[in-house]
Amino acid sequence: MSAATDPRLYDLDDLRERAERENGGVVDESIPQLADADPDLLGIALVTVGGHIVRSAQSDARFSIQSAVKPFLFALALHDTGGEALDRVGIEPTGEAFDAIKLETGTGRPPNPMVNAGALLTASLVDGDDADARTERILAGLSAFAGRDLRFDEEVADEEHVLGDRNHALAHLMRAEGTLRVGADEAVAVYARACAVMVDAVDLATMGATLANGGRNPVIGERVVSAAIARDVVSVMATCGVYDGSGRWMREVGVPAKSSVSGAIVLSAPGVLGAAVISPPLDERGTSVRGHAVSDALSRDLGLHAFGTLR
Ligand code: GLU
């Protein structure tokens, strides 16, 4: 059997060496902890829907999950609201940057759950009466997706909370529209903690694999969300996950994904695998340059393009 049919045989260290030839991009500087990231860090992991884990060197390096948390916040909000979250947040791509100060015309809802406005809202919709209770719920949910107890870095969360002026602006705007029903500062605090959750590439690939496996974590066998929720989340990753680069991403890579300012990308190929890459230098749309190259190669080599006919 070749790697084209069996991801378990894929040599991720070889892919890693090829991707290291890809240069360019700049490390995000929005908070000191991200600005200090090692630009040469490159970790890759795959987790199949059969629960098999494939990893490269540096796949155990920890980083803050940042926006790669957004699909999972959406999933938890759908789960905890019994689907009502779908009425509270749009699902249309914006063609704009991740932190654009813009809501859906007419409804005042965030345009989709993959941009900051949407994730501020979905983080406010999970179970819990206050910020601490919602944080605990999010940590428990993300841990179930990853199959390991995850925690957030308090310093990263504090910096994001203090320095996230655009997130505060979005939260206040949604309060003014009546779409955000918790306090603006509280909403930013919970979202900042969710972005500060520390993961490695294997954790993130397992989270992507749980979505690819219809909501059941394939490594530990635990159901986290329903198959219907997993399908909804992956659909919105496909259309909105790479912000204003989502169209190009779908054409080139063809695998639903979510990018993040830490340089992480999580991919979810339904029925096949989840994958994650961490490499901090970003292109102008906030997508990891080497992460994009790795995703291209994975898609091509494993025949993962949703609209390709190789598989
Ligand atoms: N914590 C970041 C922010 O809210 C996440 C953005 C991203 O990863 O794209 O600005």
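Every heavy atom of this structure was used, including side-chain atoms; hydrogens, water molecules and symmetry mates were not. We count ligands from 1, going down the list as the structure has it; atoms in each ligand are counted the same way. For reference, positions follow the sequence shown, starting with 1.
Not one N or O on the side chain of Ser262 forms a donor-acceptor pair closer than 3.5 Å with the backbone of Gln66. The backbone N or O of Gly221 lies less than 3.5 Å from a partner atom in the side chain of Arg216, making a donor-acceptor pair. Although no hydrogens or angles enter the test, the distance criterion places a donor-acceptor pair under 3.5 Å between the side chain of Ser56 and the main chain of Ile44.
In terms of the side chain to side chain donor-acceptor pair (under 3.5 Å) criterion, residue partners of Asn23 (sequence neighbours excluded) are, by chain and number, Arg290. Applying the side chain to side chain donor-acceptor pair (under 3.5 Å) rule to Asp185 yields the partners His161; only residues at least two apart in sequence or on another chain are considered. When the side chain to side chain donor-acceptor pair (under 3.5 Å) test is applied to Asp80, the partners found at least two apart in sequence or on another chain are Arg137.
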Quick one: ligand 1 N/O to protein N/O pairs below 3.5 Å?
from, atom 1, to, atom 2, distance (Å)
ligand 1, 1 (N), Gln66, OE1, 2.6
ligand 1, 1 (N), Glu160, OE1, 2.6
ligand 1, 4 (O), Asn116, ND2, 2.9
ligand 1, 4 (O), Asn167, ND2, 3.0
ligand 1, 4 (O), Tyr191, OH, 2.8
ligand 1, 8 (O), Ser67, N, 3.1
ligand 1, 8 (O), Ser67, OG, 2.7
ligand 1, 8 (O), Val261, N, 2.8
ligand 1, 9 (O), Ser67, OG, 2.9
ligand 1, 9 (O), Tyr243, OH, 2.7
ligand 1, 10 (O), Asn116, ND2, 3.4

